[in-house]
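Have a look at the structure below before the remarks.
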Protein chains: 2
Amino acid sequence: MTVVSLQNISQSVCNECPVRKISLCDHVDNDTRTEMCRLLRTATFSRGQSIIMQGDTATTLGVVTSGVVKTVFMTEDGDTQVLGLLFPGDIVGRAFEAEMRFSYEAATDATLCTFNRRTFENLMSRSTSLEHGYLMTTLAQMDAMRSWTCLLRGRTARQRVAAYLLFRSATEDTADAYVETIGDRLVLNLRLSRVDLASLLDMTPETFCRCLHSLADQGAVHVCAPHLIEVLDDARLRDLAGPSLEGLVEDPQRAVG
Amino acid sequence: MTVVSLQNISQSVCNECPVRKISLCDHVDNDTRTEMCRLLRTATFSRGQSIIMQGDTATTLGVVTSGVVKTVFMTEDGDTQVLGLLFPGDIVGRAFEAEMRFSYEAATDATLCTFNRRTFENLMSRSTSLEHGYLMTTLAQMDAMRSWTCLLRGRTARQRVAAYLLFRSATEDTADAYVETIGDRLVLNLRLSRVDLASLLDMTPETFCRCLHSLADQGAVHVCAPHLIEVLDDARLRDLAGPSLEGLVEDPQRAVG
DNA sequence: GTGTAGAATTGTGCGCGATCAAAGCCTACC
DNA sequence: GGTAGGCTTTGATCGCGCACAATTCTACAC
């Protein structure tokens, strides 16, 4: 794990933590939190940087506090595919397993609250509330993965792009600011590159681009800038996204894949 | 939840349980297991029967003890897609959430060891080892889901079929007998219908059929009967399945999707 | 302003896989 | 034994989405 900036944090950091209420920490009792504050390190990663490498023996486990982290799988012939995204509050890494089957990379500039994996596991064995919090977060993450699967499968490329835009616009008001205001209009900030987004949605960047502009031609969205998308007609976009998005897009879930 | 056969079970059942060592029970301490034996009910489902319905408020949580269970998502326009499969030892249902976003259905005749969800949650809050077991199983299931995603994505239809056959032949020696012996040869029993398998692999039954016979034309497999597939040339099949199957197919993981 | 590298967009042909249609096959039930 | 209905297989056609390449746009340094 490459740590760019590393510093000790006083216990007060947890009190002003932006993701405390939406992460595993929400379940943790006071004694455990005090202990965690003593053990945690914050780490900053710049866009594109690797957090945990596929194949490595992971010694770290963390919680995203800002930015977007992508999970990336690299095939033996060097191709990479974006499996999913992690947002603030989601867990990076995996307890009780050292060897990583895929990588975690910063998809945007991101900050994490990290722990030594062994230390964290040890603390879990002593703190029921921490293990419970980890379980709850994991279950939520699994729900999100399953919803994501439903969202991708049986949809054409354009429907997937439309569905993703809806998903993003539905989570606009969570933790981080994914939406920018230009004048008085609400505009989505994709924040990820075309290459990453295309890989995430299982298509080529070219197809992604075509689909986006096809949605624009239909009057559903307006491409203000390559990464800034304004949703002009929510109903139209929902229509173009295909059936059964209700419940998949509108839930307060964060992680995908 | 439709329970076909329901009966009380004496404590001795756990001792001869076929999935005890590969399920959450493996982590549970003796006191908790005694309690669990008192609370559990076994249920039998015949192929095609619904175990938990999408949209229902689930009161049940269970462990697959034999057979294959499929997770199915139904779109609002009535289409269904198979999201994944659960094998013996996997968990059916979800603790701490009542409303089901998808259905669980018996893909073959199947038996489950079931609990009242509330009772199970209650027991977890009192038994650290049970919650730990649930966490470990959930993490393993999430790993499997991610592997499954890697297996499906970026592959052609024929590669997906080949990959699935490899996955099944690699798990041949787990819990249930997925393999039949015809004479002295080892033959895979698909056990699922073409329609289910095609849906699971995100293609039409027609395409699945074509791909299977294409693999046969290449000499990789032999279709003994619609549901009985003999793997003739493992290396050839691996070749036709595309890159990076190592680690995805060969792990002792059960659940997919 | 200018240069340059990287990202994003557009163009074109083609193969894969979906769709529709129909025939074979197996099983269950009468 | 016969028949009906399901599942499986095969055939023909068509459109989506991919590959590859060219072009335009953007960002950032100087």
Side-chain angles (χ1 to χ4, degrees), chain A residues 46-48 77-82 107-109 152-165 188-218 221-229 240-243, chain B residues 46-48 70 75 77 79-82 107-109 152-164 188-218 221-229 240-243:
Chain A
S46 50
R47 182 189 176 117
D77 54 10
D79 281 3
T80 61
Q81 44 188 341
V82 178
T108 69
D109 291 350
L152 285 188
R153 291 182 49 155
R155 292 198 142 82
T156 65
R158 196 175 70 175
Q159 287 176 328
R160 294 204 295 278
V161 173
Y164 180 76
L165 294 179
L188 265 179
N189 187 346
L190 292 180
R191 313 224 304 172
L192 273 67
S193 70
R194 290 278 188 277
V195 176
D196 278 353
L197 285 172
S199 176
L200 175 69
L201 298 174
D202 205 12
M203 63 184 74
T204 58
E206 295 92 321
T207 302
F208 182 89
C209 182
R210 262 181 265 274
C211 290
L212 197 57
H213 286 272
S214 166
L215 294 174
D217 291 343
Q218 299 283 322
V221 300
H222 174 63
V223 183
C224 307
H227 61 294
L228 292 179
I229 311 296
L240 291 167
Chain B
S46 50
R47 182 188 177 120
K70 57 181 174 178
T75 64
D77 55 8
D79 280 3
T80 61
Q81 45 188 338
V82 178
T108 68
D109 290 350
L152 286 188
R153 291 183 48 152
R155 293 200 142 81
T156 65
R158 196 175 71 176
Q159 287 175 328
R160 294 203 295 279
V161 173
Y164 180 76
L188 265 180
N189 186 347
L190 294 181
R191 313 225 302 170
L192 273 68
S193 71
R194 290 280 188 277
V195 176
D196 278 353
L197 285 172
S199 175
L200 175 69
L201 298 174
D202 204 13
M203 62 185 75
T204 57
E206 294 94 319
T207 301
F208 182 90
C209 180
R210 266 181 260 274
C211 289
L212 197 58
H213 286 274
S214 166
L215 294 175
D217 291 345
Q218 299 283 323
V221 300
H222 175 62
V223 184
C224 307
H227 61 292
L228 292 179
I229 311 296
L240 292 168

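Note on naming: letters A, B, ... go to the chains in the order of the sequence lines (proteins, then strands), and numbering restarts at 1 for each one.
- Considering only heavy atoms from C-beta on, A/Q218 comes within 4.5 Å of A/R158 through its side chain.
- Between the side chain of A/D109 and the backbone N or O of A/S46, no donor-acceptor pair lies under 3.5 Å.
- Near DNA chain D, meaning a heavy atom under 4.0 Å away, the residues from residues 206-217 of chain B are B/E206, B/C209, B/R210, B/H213.
- A donor-acceptor pair under 3.5 Å links the side-chain atoms of B/R153 to the main chain of A/L200, judged by distance alone.
- Heavy-atom contacts of chain A under 4.0 Å fall on DNA chain C between two terminal nucleotides, which in 5' to 3' order are C/dA8 to C/dT12.
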Evaluate side-chain contact (heavy atoms from CB on, under 4.5 Å) for A/L228 paired with A/L190, printing each intermediate quantity in order. CA-CA 6 Å; A/L228 292 179; A/L190 292 180; over 6 Å; no
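- Among the heavy atoms of the strands lying under 4.0 Å from A/T204 are primed sugar atoms or P, OP1, OP2 only; no base atom is included.
- With a cutoff of under 4.0 Å to any heavy atom of chain B, the contacted region of DNA chain D is bounded 5' to 3' by D/dT8 to D/dA12.
- Taking OH of B/Y164 as the reference point, atom CD1 of B/I229 lies at 11.0 Å (rounded to 0.5 Å).
- Scanning all heavy atoms of the two residues, the minimum distance from A/C211 to A/V161 falls at CB-CG2, 3.7 Å.
- Using a 4.5 Å cut-off on side-chain heavy atoms (C-beta onward), A/L212 and A/L165 make contact.
- If you find the closest nucleotide of DNA chain D to A/M203 and to B/P205, the one lying nearer the 5' end belongs to B/P205.
- Using a 4.5 Å heavy-atom threshold, the side chains of A/L201 and A/V82 count as separate.
- Interatomic distance, SG of A/C209 versus CG of A/L197, reported as 11.5 Å (0.5 Å rounding).
- In this structure, B/D196 reaches neither bases nor backbone, as no heavy-atom distance under 4.0 Å exists between it and the strands shown.
- Proximity of a side-chain donor or acceptor of A/R160 to a complementary backbone N or O of A/R155 within less than 3.5 Å is detected.
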